[in-house]
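One structure is given below, encoded as structure tokens.
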Amino acid sequence: MAADIPESSISGAPARAAEMPKTWRPQEVEEGMYQEWEAAGLFHADPTDPRPHFSVAMPPPNVTGELHLGHAEYTLQDLYVRYKRMTGHEALWLPGTDHAAIATQNVIEKQLASEGTSKEELGRAAFDQRVARWYEEYGGYIVRQLKRLGFSADWSRLRFTMDEPYVRAVREAFVRLYNDGLIYRGPRIVNWCPRDRSSISDLEVDWQEHEDTLYYIRYDMADGEGALVIATVRPETMLADTGVAVNPNDPRYREFIGRTARLPLVGRTLPVVGDESVTMDFGTGALKVTPGHDPMDYEIGQRHSLEVLSAIDKDGNMVNEEWVPDELRTRDALTARDRVVEMLRDREHLVRTEAYVHEVGHCDRCGEIIQPLVDDQWWCAMSDLARPAIEVVERGEVTFIPDKWNRTYLDWMRGLRDWNVSRQLWLGHRLPIYYCFADQPAPHDLASAREAATHVFASVEEPSACPECAGRNIAQDPDVLDTWFSSGIWPFATLGWPDQTAELDAFYPTDVLDTAREIINLWVARMIMTSLRFTGKVPFHHVLIHAVIQDPQGQRMSKSKGNGVDPLQMVERYGADAVRAWACDVGLPRQDVRFDERLIEEYSKFANKLWNVARLVLMNADGVDVQAHPARGSDPFDQWILSRLDGLVAGVTAAIDGYRPSEAVRAIYEFTWKELADWYLEAAKPRFRLDAADPARQQAVSVALHCVSVVVRLLHPFMPFVTQAIWDLLPGGGGALIARSTTASWPPPGEPTDPPLETSMAALFELVRRLRDARKELGVGEREHVPATLRQAGTADPFLLSVHAAEALALLARVDIVEELPGEPGRVVVTDGLEVVMGAPAAGRSSDPGVLATEMAAVKANIERLEQRLGNADFVSKANPEVVRRTRDQLDAAQEKRAALEEAISRAE
RNA sequence: GGGCGGAUAGCUCAGCUGGUCAGAGCGCCUGGUUUACACCCAGGAGGUCGCGGGUUCGAUCCCUGCUCCGCCCACCA
């Protein structure tokens, strides 16, 4: 199933190694490599390929400008796509971009404003051209940036949510929902953005804390008997009041229910109603009801059949002639507030005021304060759509990773309200709703003349006549769809839906979706709902929620704060491999990450380290017979590194499969640097120097090459560039690691690991460290070899007494084990049941009994601790027997060490 | 108002199912012209694991309260 290096005799490897630059310079090669891959068609997915399929739909970036670090997290998608290709799957990563109606219109309008003009001045046609130009320019720009990160998406299938086929899919989806009765038009209170002159959905409201004033206003009763004092932060909306509400359980006000209050300044009469939604202990417990300008009041109004009045218009002006007195009319609601308050004060209706901090809704695109008002809008009924979408998550057909998001999703879905899908923008998908005016010409201002239509119908195709009366006086609804409506059908619309294409058949449902938590409700939920509705299938099985990258101070990165980091700048500085490895490391499972450039730098160093490991091995590889899978052989270092390598393959594979990419990339890093480079290769160097035909050398080089070959493949999904470059130089390597082939390039599982050997080697390494320390204390020169005797002083690991160990000590610690010291004894090292006595250096310091005394103190403290624990009857009887046994072993070892140290100290004195 | 996550070395973070788990990288200090790499090698210093309780023979790890930070949801005007 998987490929290894084929058996062959190496020739030319050292020559190639000689040409390898000493330093890996990603900036010089990555772009060229990428172009080669792309030209070779490596990223293209073939729906007719018989191998198992795997697919990911790329969350389409907004075509509003440049990349941010969230896009670097897309590396997680590339990781899985490349990994699946390497394990024998035909994998599709389908890329695309989103028109982002409201966001893009905002950006372009700002541009126009800076040019001293506006979209109204330009006119609709010229504006559309401007938009098209924008998409042309920035759509390509975004794609180029994504490519620079090495993303292996199938660019031949690039989709844009405004492309003609996609537009048709959007219309199809809308028409189906409309014909099923799930989309309807009606007056409801909406979040109105006066600047964008459009409604926005609840999810697009950005709540910000404001310091306002709470005004207490006296509403006298119409019959002159008593009064109710209400509290409000928006006194100006009182002009549209149509009632006063109190809680029916509130004894203070019970007797007011059913009576009539008189609206100050205006004099209109208002019924007093009882409604349990009124909080008794907020303000005075009495509430003015303004159904036209407050969502909660709207619902109270609905329950009590109160009139809905509008005092504020869609520009945020308070100019309504019917409800606003002349002297209060103003172009600005805040000015209106001042005037209302002034008048209330003059007429002694203002009881008092107090400072009040609360949250005020803002448009999350332009920042304008949201004006709740009642308007005719298009709605999508959610309950029928939500139910199955809840069930698939409850049943685990769709799971979120980390799994805590399952609950977030379910909580939100269970409380869904109908979705306002229409927007009053110029940019976006026009609703495929048409009005027929029978024999009357279609009115010019359709927005206000919809009601005059004789017939209303939805149509996927542009209709030329009314299907009911064949009339030709028809006009399309001027509203556009919420951007999320169109992106909500992304996973299947990009594959050709509603047509039953080969792609849809082959790659749908997709496997993994990777996205940001802030759009779980906005986007993920809607994809699940539409997919179940239109395809009867879930759109994806696993939803990865990657981390939000904060700035180094823990603040959210945002354009307005100017604290964003440009991923491409990081690519320029450290290479795409480093940025990618970083993204995989921090992206999952963590959910909040402070940006730390040092971590990217660490991975750029790692790329260089790996490059040099390959250089070293290759420059020693001439004339070696490479074995496909070298046997562990007889050399303990070979056995050890191969055991560790087999463990690594298993661990990395499991970590990737278990969506723990961070664990995977760190394991590869540790193995390569700490074990392969620092221990194995250092120990193998003498064998590298042997004659080319020497079997010991052949074996060492084979093992080293095998390690490099495996590491490079394990790392490829994370760091494709440096790994491919090395792979191309390896004997038996070469050829794209993600190419389709009959054999998969992912390393197959190896043999079981050898834990006893790994333990022995760990003990050896510890001994080497101790001896290095001792050399330092003695002031021995770096290169100077020191003689030492070694004897068992307890239950030593037999391996440490072997010839192999002695050779390793000579090589790695420059300590030569002898029968008898030629001169005076120097430092004594006691560890792991061994006593090593080093000879005193010719011109160095002699042994320092103080060092041994310090060590002795530590050992004694340790013994005391262990004895105390074992002396505790509860511990011995209740603790896990295994733990007790281990503690006894520790105590035995410590006592052995104390004895050995005592002896050593007495001899030194 | 409800919910979630975080608080471990100067900095950024690992620490799985409680008992060698107190770690890594960077920074700092010492020493290094080795068949790769100074983007390197060998070492060192540095932490009451946010605070208070509790469970347990034993807690960084479990429970609870508190403080601080971040985030999500919410129609208390």
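Every chain is numbered from 1, with letters handed out A, B, ... down the list of sequences. Note that the structure is a prediction, hence the values are computed from the model and not measured.
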Hey, does A/R25 reach any base, or is it just sugar-phosphate, or nothing, if we go heavy atoms under 4.0 Å?
base
Which whole number of Å gives the distance between the P atom of B/G6 and that of B/A14?
10 Å
Do the non-hydrogen side-chain atoms of A/V829 and A/T831 ever get within less than 4.5 Å of each other?
yes
Whole-Å gap separating P (B/G19) and CD (A/E882):
12 Å
If only side-chain N and O atoms of A/K288 are considered, is one of them under 4.0 Å from the OP1 or OP2 phosphate oxygen of B/C76?
no
Between B/G25, B/C57, B/C73, which one does the side chain of A/W412 approach most closely?
B/C73
Phosphate oxygens OP1/OP2 of B/C39: is one of them under 4.0 Å from a side-chain N or O of A/K605?
no
Could one point to a donor on the side chain of A/K609 or the base of B/C37 with an acceptor on the other under 3.5 Å away?
yes
Take A/Y574 and A/Q27, measure what side chain to side chain donor-acceptor pair (under 3.5 Å) needs, and give me the verdict at the end.
CA-CA 8 Å; A/Y574 301 107; A/Q27 296 83 352; over 6 Å; no
After noting the C-alpha distance and the side-chain angles of A/W207 and A/H362, does the key distance pass the side-chain contact (heavy atoms from CB on, under 4.5 Å) rule?
CA-CA 6 Å; A/W207 294 91; A/H362 290 247; over 6 Å; no
Under 3.5 Å, is there a donor-acceptor pair linking the side chains of A/Y215 and A/E354?
no
Per the 3.5 Å Watson-Crick/G-U criterion and a run length of at least three, the stems involving RNA chain B are B:1-7 with B:67-73, B:10-13 with B:23-26, B:28-32 with B:40-44, B:50-54 with B:62-66
Do any N or O atoms of the protein come closer than 3.5 Å to N or O atoms of nucleotides 42-49 of chain B, and which pairs are they?
residue : atom : partner : partner atom : Å
B/A42   : O3'  : A/R772  : NH1          : 3.1
B/G43   : OP1  : A/R772  : NH1          : 3.3

Just to verify, what does A/R888 make a salt bridge (charged side-chain N to carboxylate O under 4.0 Å, His left out) with, not counting sequence neighbours?
none
Looking for any heavy atom pair under 4.0 Å, which part of the strands does A/E359 touch: base, sugar-phosphate only, or nothing?
base
Using the closest heavy atom to pick a nucleotide of RNA chain B for each, name whichever of A/F282 or A/R666 lands nearer the 5' end.
A/R666
Starting at the 5' end of RNA chain B and moving along, which residue's nearest nucleotide shows up first, A/F595 or A/K878?
A/F595
Report which part of the nucleic acid A/V613 touches: base, sugar-phosphate, or nothing (heavy-atom distance under 4.0 Å, all strands).
base
Looking at the side chain of A/M296, which of B/C75, B/C57, B/C37 is the nearest nucleotide?
B/C75
Categorize A/N872 for me: base, sugar-phosphate, or nothing, with a 4.0 angstrom heavy-atom threshold over every strand shown.
sugar-phosphate
Could you check whether A/L599 gets within reach of a base, just the sugar-phosphate, or nothing at all, counting any heavy atom under 4.0 Å?
nothing
Over how many whole Å does the gap from A/D596 atom CG to B/G10 atom P extend?
16 Å
I need the CG-P distance between A/D202 and B/C72, as an integer number of Å.
16 Å
Dump every N/O contact between nucleotides 3-9 of chain B and the protein below 3.5 Å, one line per pair.
residue : atom : partner : partner atom : Å
B/G3    : O2'  : A/R407  : NH2          : 3.1

Could you give the distance separating B/G50 and B/C11 at their P atoms, to the nearest angstrom?
14 Å
Measure from CG on A/L416 to P on B/C75 and round the result to the nearest Å.
12 Å
Assign A/R886 to base, sugar-phosphate, or nothing according to its heavy-atom contacts below 4.0 angstrom with the strands shown.
nothing
Could you tell me whether the phosphate oxygens of B/A77, OP1 or OP2, come under 4.0 Å of any side-chain nitrogen or oxygen in A/Y356?
yes
How is A/V278 classified with respect to the nucleic acid when contacts are heavy atoms under 4.0 Å: base, sugar-phosphate, or nothing?
base
Report yes or no: do A/Y219 and A/D241 form a side-chain donor-acceptor pair below 3.5 Å?
yes
For a quick check of understanding: with a heavy-atom distance under 4.0 Å over all strands, which category does A/T23 fall into, base, sugar-phosphate or nothing?
base
Rounded to whole angstroms, how far apart are CD on A/E209 and P on B/A74?
18 Å
Over all strands shown, is A/A677 touching base, sugar-phosphate only, or nothing at heavy-atom distances under 4.0 angstrom?
base
side-chain contact (heavy atoms from CB on, under 4.5 Å) partner of A/T672, the single match among A/V708, A/D678, A/L610:
A/L610
Could you check which of B/A77, B/G19, B/C41 has an atom nearest any side-chain atom of A/T279?
B/A77
CE of A/M413 versus P of B/C73: gap in Å, rounded?
14 Å
Just by distance, with hydrogens left out, do A/E597 and A/W582 show a side-chain donor and acceptor under 3.5 Å apart?
no
Gap between atoms CD and C1', on A/E597 and B/C11 respectively (whole Å):
14 Å
Is there a side-chain contact between A/R218 and A/P264, using heavy atoms and a 4.5 Å cut-off?
no
Which part of the nucleic acid does A/E682 contact within heavy-atom distance under 4.0 Å: base, sugar-phosphate only, or nothing?
base
B/C75 and B/G5: how far apart are their P atoms, nearest whole angstrom?
23 Å
Using a 4.0 Å heavy-atom cut-off, does A/W673 contact any base of the nucleic acid, only the sugar-phosphate backbone, or nothing at all?
sugar-phosphate
Is the closest side-chain donor-acceptor distance between A/N608 and A/T23 under 3.5 Å?
no
Residue A/N612, side-chain atoms from C-beta onward, closest of B/C37, B/C57, B/C75
B/C37
If the condition is side-chain hydrogen bond (donor to acceptor under 3.5 Å, both in side chains), which residues does A/R772 pass it with, not counting sequence neighbours?
none
Write down the distance between CZ (A/R417) and C1' (B/C75), rounded to a whole number of angstrom.
7 Å
Please measure how far the P atom in B/A42 lies from the corresponding atom in B/G47, and state the result in whole Å.
24 Å
Measure from the side-chain heavy atoms of A/L203 and tell me the nearest of B/C26, B/C73, B/C39.
B/C73
Donor-acceptor pair under 3.5 Å: do we get one between A/R598's side chain and the base of B/C11?
yes
Can you find a pair of side-chain heavy atoms, one from A/I641 and one from A/E675, that are under 4.5 Å apart?
yes
For A/R869, check salt bridge (charged side-chain N to carboxylate O under 4.0 Å, His left out) against everything at least two apart and list the hits.
none
Flag the pair A/E73 / A/I549 as yes when at least one side-chain heavy-atom distance between them is below 4.5 Å, and no otherwise.
yes
So A/Q550, base contact, sugar-phosphate only, or nothing? Heavy-atom distance under 4.0 Å.
sugar-phosphate
Heavy atoms from C-beta onward define the side chain here; which of B/A36, B/U12, B/G25 lies closest to that of A/Y669?
B/G25
Answer with yes or no whether the side chains of A/N420 and A/S201 bring together a donor and an acceptor at under 3.5 Å.
no
